[in-house]
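Notes to accompany the following structure.
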Amino acid sequence: MSQELLAKKAELLMTLRGQGINDTAVLSAIETTPREAFIPQPLFHHAYDNVSLPIAHGQTISQPYIVARMTAELALTGKERVVEIGTGSGYQAEVLSQLCRRVYSIERLRPLLVEADRLLAQLKITNYTSKLGDGAIGWPEAAPFDRIILTCAAPTPPYDLLDQLKPGGILIAPIGADQNNQVLMKYVKAENDTIEEETLLPVKFVPLVSGA
Ligand code: SAH
């Protein structure tokens, strides 16, 4: 990696710490994941800017702070089976793969999934399984999951997905039908299956497109 990118990566990690990300496992997963591989080549120099960037098909790769924050909120110990809705570039899946037992990721756009699968294979990630489909219905054959993460915004709380969460599990999702009025929500399922919810922060994600 170029000196320029290395310096920018070091600066990004400092910024994330300054923004309150103090989970060292999350920071080291961000450090070892080559974000430059997941973005369009012309944007190479911006790989370690703390901003979201466009990827193919009008989708986006989230801001590193948001990836770090969502990952930290999942409180991973290394033992979990995690499902991600919205594979996109595969960047978030790659970060998760370093922190949990297995990542399942669902994407509705085939070209994005093909490219993400290729990249994760090239990076020798062996605890990643993906499928093409509508993530709104989850992955019933692989459920229940310890953790669920949506990287596209659901219009309303995703009850179908919460049904696929184990007791004690955590679901993190941007919620809001209007892109200018979304919040990142955290849902924790208690042992008796009741759901506690917490509003984390305002966010801006591409929408979850379901059905049709
Ligand atoms: N996690 C990605 C960011 C993805 S952007 C990354 O790290 O790069 C959100 C993605 O969600 C887009 O690729 C979009 O196609 C996908 N998406 C939207 N609705 C979906 C649905 N119903 N099921 C699966 N994927 C969906």
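Read the numbers this way: they start at 1 and go in the same order the structure lists the ligands and their atoms. Predicted model, so just to flag it, every value in this text is computed and none were measured.
- Taking every non-hydrogen atom of Gly135 and a distance limit under 4.0 Å, the qualifying atoms of ligand 1 come out as 21 (C), 22 (N), 23 (N), 24 (C).
- The Thr87 neighbourhood of ligand 1 comprises atoms 1 (N), 2 (C), 6 (C), 8 (O), with distances under 4.0 Å to a heavy atom of that residue.
- The contact set between ligand 1 and Ser89, taken as ligand atoms under 4.0 Å from a residue heavy atom, comprises 6 (C), 7 (O), 8 (O).
- For Arg35 and Glu94, the salt-bridge test fails: no basic side-chain N is under 4.0 Å from an acidic carboxylate O.
- Here the options are Ile148, Leu171, Ile170, Leu165, the test is side chain to side chain contact (heavy atoms under 4.5 Å, CB included), and the partner is Tyr187; only Leu171 passes.
- Transitive grouping of hydrophobic side chains (ILVMFWY, heavy atoms separated by less than 4.5 Å) keeps Ile137 and Leu208 in distinct clusters.
- Residues Ser130 and Trp139 come closest through the heavy atom pair C-CH2, 3.6 Å.
- Taking the charged nitrogens against the carboxylate oxygens, Arg101 and Glu80 have no contact shorter than 4.0 Å, which rules out a salt bridge.
- With no hydrogens or angles considered, no side-chain donor-acceptor pair links Thr15 and Asn50 at under 3.5 Å.
- Among protein heavy atoms, atom 20 (C) of ligand 1 sits closest to Arg108 CD, 3.4 Å.
- Just one of Leu13, Leu12, Leu5 meets the side chain to side chain contact (heavy atoms under 4.5 Å, CB included) condition when paired with Lys9; it is Leu13.
- Applying the ring-ring contact (aromatic ring centres under 6.0 Å, His included) rule to pairs touching residues 3-46 yields Phe38-Tyr91, sequence neighbours excluded.
- The shortest separation from a heavy atom of Glu84 to ligand 1 is under 4.0 Å, placing the residue in contact.
- The residue among Ile55, Thr60, Ile149 with a heavy atom at the shortest distance from atom 5 (S) of ligand 1 is Thr60.
- With a 4.0 Å heavy-atom cut-off, ligand 1 is reached by the backbone of Glu107 and by its side chain too.
- Between Gln92 and ligand 1, an N or O atom pair is found at a separation short of 3.5 Å.
- Among residues two or more places apart in sequence or in another chain, the side chain to side chain donor-acceptor pair (under 3.5 Å) test is passed with Thr87 by Ser105.
- For ligand 1, the atoms sitting less than 4.0 Å from at least one non-hydrogen atom of Tyr91 are 7 (O), numbered in the order shown with element in parentheses.
- Salt bridge annotation for Glu11-Lys8: absent, with no cationic side-chain nitrogen under 4.0 angstrom from a carboxylate oxygen.
- Looking at Gly86 next to ligand 1, an N or O pair under 3.5 Å apart turns up.
- The local environment of CD in Glu141 is crowded, with over 12 non-hydrogen atoms from other residues, nucleotides or ligands closer than 6.0 Å.
- The distance criterion of under 3.5 Å between nitrogen or oxygen atoms is met by Val209 with respect to ligand 1.
- Taking every heavy atom of Gly133 and a limit of under 4.0 angstrom, the matching atoms of ligand 1 come to 23 (N), 24 (C).
- By the criterion of a heavy-atom distance under 4.0 Å, the side chain of Val206, and not its backbone, is placed next to ligand 1.
- Residue Ala116 places every heavy atom at 4.0 Å or more from ligand 1.
- For Leu208, heavy-atom contacts with ligand 1 shorter than 4.0 Å involve the backbone as well as the side chain.
- The closest approach between a heavy atom of Val67 and any atom of ligand 1 is not below 4.0 Å.
- Ligand 1 is approached by Pro207 to a heavy-atom distance shorter than 4.0 Å.
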